[in-house]
Protein chains: 2
Amino acid sequence: MARIKDVAVRAGVSVATVSRVLNASPSVSEETRNRVYTAMTELNYVPNAVARSLRTEATRTLGLIIGDILNPFFAELARAVEDTARKAGYTVVIGNADERAEEQDHYVRTLIEQRVDGLLICPTAEVTPLVEQAAATGDPLVFIDRVLPGMDVPSVRVDGTDAIGELVGHLKTLGHRRVALISGPLRLSTGRERTDAFVKAAAEHGMELRPEYIQSGDFQLASGRALTARLLDLPEPPEVIFGGDNLMTLGALDEIRARGLRIPEDVALASFDDVPWFPHMNPPITAISQPVAELGARAVRVILDRLHGRPAGSVVLPAVLVPRQSCGEGRNVS
Amino acid sequence: MARIKDVAVRAGVSVATVSRVLNASPSVSEETRNRVYTAMTELNYVPNAVARSLRTEATRTLGLIIGDILNPFFAELARAVEDTARKAGYTVVIGNADERAEEQDHYVRTLIEQRVDGLLICPTAEVTPLVEQAAATGDPLVFIDRVLPGMDVPSVRVDGTDAIGELVGHLKTLGHRRVALISGPLRLSTGRERTDAFVKAAAEHGMELRPEYIQSGDFQLASGRALTARLLDLPEPPEVIFGGDNLMTLGALDEIRARGLRIPEDVALASFDDVPWFPHMNPPITAISQPVAELGARAVRVILDRLHGRPAGSVVLPAVLVPRQSCGEGRNVS
DNA sequence: CCCTCCCGTGTAATCGATTACATGAGGGTA
DNA sequence: TACCCTCATGTAATCGATTACACGGGAGGG
């Protein structure tokens, strides 16, 4: 593969001049520039980003560590991050942590070895020593979606509290009283926040939220199904089940269908986290939609701010309720 | 950030020895090795992969260019590629081509600049000069999912012909005669193959496949919806619509619902490409499922074979029919 | 005519690792 | 004792770019 030196020889100039052409430096004469361009095409020259990065100490690359790319929420997030980064001239390397601290650490390590310019992390529950150290070292980190307590790292996240309040109001209007929640681990900021907001809203609206109606799992489909089974097995099952994310909601749906129950007549269903196919379900699923694309875009902007020495604060975005039919005769909005 | 030289000084050895420890060379004494390890942890040393790659001319990185990460098919593919590559000690950089040749070329260029060891591409319809040149130069390429005619590049793909034949048989058994297809662009190998297989199977089973029942779009939701509208507007609309991928099927579903038609009574629906939520639709969607995880894993193996100088042939995997209820009283398999 | 300044270009150090080759200590053998 | 071999380690070149600094020539001013 042709190197800058080959181009230089062919164009009859020095490597410095070729480099200047590569970097669009103004101090190269028109004529020389053309000679260099010609030599480059003739040789099929492709600059070596590895060598450039070594010298410049910048890779123009961002690392993104997410929980699970199969989860549409993360897929959309990855897409938004990638789009925004690309427009700013950055490449994104995605790491799939599979919601495991160990995998997350693997990627943190690898990406730091690769000298990414910044690291966007959807952290797992645990604060691992490696992440702690990276933060302490001053590596440019930003947390997305989830927050780790007691760490001085800027974060970009969604606050669903208001939307959950709205949802509970909606449920009350529809005549429901016994409401249940199946959510993620309380150690995850998102799991805790959604639970707290639901409990608070239920209290405010005078709903009947018994202790056994609050179940926490791991944001995965199987746990959604298992917890739903537990709820439906209660002597007095809830009238509504609220899934803490789209996968737990899908698990709930599986269990409800397996028992031949009707939605919303036998049990109503709502979801935190909207996905493109919820409107097409039978019945369409009422959901709380997060501004995922915005989340990703803002996260990139925060990290770029940090990289360019601009002040970088945290960002909190609101979620919105999208009422459909899975909780009863709501407005028919898709 | 600490460099190998700092570690060497602190451990009282030369950089060569530190490097040997890093690369687990056996010719370092136990005692020295320990001193080096200690120095590394004390300095929080993280090896610089950029420098290493420059010297070794290998990045242990693979590039993957896909059509659209929001499409569950590609998300699953990305996941499989990443998993398999990771197990072999490789990192994967994903590029989102958004089904546009221009974006695809951007990533081909960028990833070659970054000197990825191999490139996995789901090519867009056009054979761009850049891709052609990369293939000619002997860059390690592998095509996934789609094939470009007349290029000497190994490919890993799914052949749905048999499954489509099975589907048409299934439709016939259920009493359908007028069958229609909404598929992707014929210039895409997948679009053409699915269309050809459908036409052939329909003929073999004596189905009524009128020319106007064959529509081709762009594998996106909007085009699925528009083509479905066109089919339903025909004086004699088809009894069955077969979507060429999951997005076109979803578009079809939108249009069918918008018109208040029932599935399968008014019009039956089937899909090439199964996704996790099809079983949860109302009614559950009959689909042809591709071995996506296998597809990704095999593609990685093919490229690694090439990298290691082993012979690397193309791979064709079979798809399978998963009958559900959207075409009528089929077996109830989820 | 000479001095300065600027413009375009070249020389060479540098980034942080890997690795071929050199070196020196120690042990075994004749 | 002399020789050779092995083992552990060090020296220095190298990968392909960037860039500070040097330099030569031409223009412009006095």
Side-chain angles (χ1 to χ4, degrees), chain A residues 1-40 43-61 89 91 109-117, chain B residues 1-40 43-61 89 91 109-117:
Chain A
M1 196 159 258
R3 303 149 311 162
I4 199 172
K5 197 196 278 190
D6 304 319
V7 175
V9 169
R10 177 152 202 133
V13 297
S14 73
V15 293
T17 299
V18 177
S19 175
R20 279 188 272 257
V21 171
L22 277 177
N23 294 282
S25 153
S27 65
V28 178
S29 74
E30 182 74 21
E31 194 233 321
T32 309
R33 190 192 320 276
N34 287 334
R35 273 219 315 287
V36 172
Y37 278 138
T38 309
M40 282 182 182
L43 293 170
N44 279 333
Y45 173 71
V46 180
N48 185 325
V50 174
R52 171 183 295 145
S53 293
L54 177 59
R55 181 60 232 243
T56 60
E57 323 221 80
T59 50
R60 296 200 76 78
T61 292
T91 302
R109 197 186 326 273
T110 305
L111 293 170
I112 292 181
E113 282 189 6
Q114 310 218 8
R115 297 299 193 262
V116 292
D117 294 339
Chain B
M1 196 159 254
R3 303 149 311 166
I4 200 172
K5 197 197 278 191
D6 304 319
V7 176
V9 170
R10 177 150 201 136
V13 297
S14 74
V15 292
T17 300
V18 177
S19 176
R20 280 188 271 257
V21 171
L22 276 177
N23 294 283
S25 151
S27 64
V28 178
S29 75
E30 181 75 21
E31 195 231 324
T32 310
R33 189 192 321 277
N34 287 334
R35 274 219 315 287
V36 171
Y37 278 139
T38 310
M40 283 182 182
L43 293 171
N44 280 332
Y45 173 72
V46 180
N48 186 327
V50 174
R52 170 182 297 146
S53 293
L54 177 60
R55 182 59 234 242
T56 60
E57 322 220 80
T59 51
R60 296 199 76 78
T61 292
T91 303
R109 198 186 325 274
T110 306
L111 293 171
I112 293 181
E113 282 189 8
Q114 309 217 10
R115 297 300 194 261
V116 293
D117 293 339

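Scope of the values below: all heavy atoms of this structure, side chains included, with no hydrogens, waters or symmetry mates. Sequence lines set the chain letters: A, B, ... in the order given, protein chains first and strands last, and positions in each chain run from 1.
- The CD-P distance, from A:Q114 to C:dC15, rounds to 22 Å in whole Å.
- Only B:L54, B:R55, B:E57, listed by number, bring a heavy atom of residues 49-57 of chain B to less than 4.0 angstrom from any atom of DNA chain D.
- A salt bridge links A:R35 with A:E31: at least one charged nitrogen is closer than 4.0 Å to a carboxylate oxygen.
- Put simply, A:S19 has no side-chain N or O that comes within less than 4.0 Å of OP1 or OP2 on D:dT19.
- B:V18 comes within contact range of no nucleotide atom at all, as no heavy-atom separation falls under 4.0 Å.
- Applying side-chain contact (heavy atoms from CB on, under 4.5 Å) to A:M40 and the options A:V36, A:L43, A:T38 leaves one that passes, A:V36.
- Distance, A:I4 CD1 to C:dG10 P: 12 Å, rounded to whole Å.
- Exactly one of B:T91, B:N48, B:T59 qualifies for a side chain to side chain donor-acceptor pair (under 3.5 Å) with A:Q114. That residue is B:T91.
- Computed from coordinates, the A:D6 CG to D:dC15 C1' distance equals 13 Å when rounded to whole Å.
- Rounded to a whole Å, the CZ atom of B:R115 is 9 Å from the P atom of D:dG16.
- The shortest distance between side-chain heavy atoms of B:V21 and B:V13 does not fall below 4.5 Å.
- At the heavy-atom level, B:S27 lies under 4.0 Å from base atoms of the strands shown.
- The CZ-P distance, from A:R60 to D:dT18, rounds to 13 Å in whole Å.
- The separation between B:E30 atom CD and D:dT9 atom P is 11 Å, rounded to whole Å.
- Picking from C:dT18, C:dG10, D:dT9 the nucleotide with the shortest atom distance to the side chain of B:L22 gives C:dT18.
- Annotation: the span from A:N44 atom CG to B:I112 atom CD1 amounts to 10.0 Å, rounded to 0.5 Å.
- Here the straight-line distance linking atom CZ of A:R52 with atom CG of B:L54 works out to 13.0 Å at 0.5 Å rounding.
- A distance-only check finds no donor-acceptor pair linking the side chain of B:T61 to the backbone of B:V116 [under 3.5 Å].
- At the phosphate of C:dC15, neither OP1 nor OP2 sits under 4.0 Å from any side-chain N or O atom of B:N48.
- Between B:R35 and A:R20, the residue anchored closer to the 5' end of DNA chain D is B:R35, taking for each the nucleotide with the nearest heavy atom.
- We find that CG of B:N23 is positioned 11 Å from P of C:dA17, with the value rounded to whole Å.
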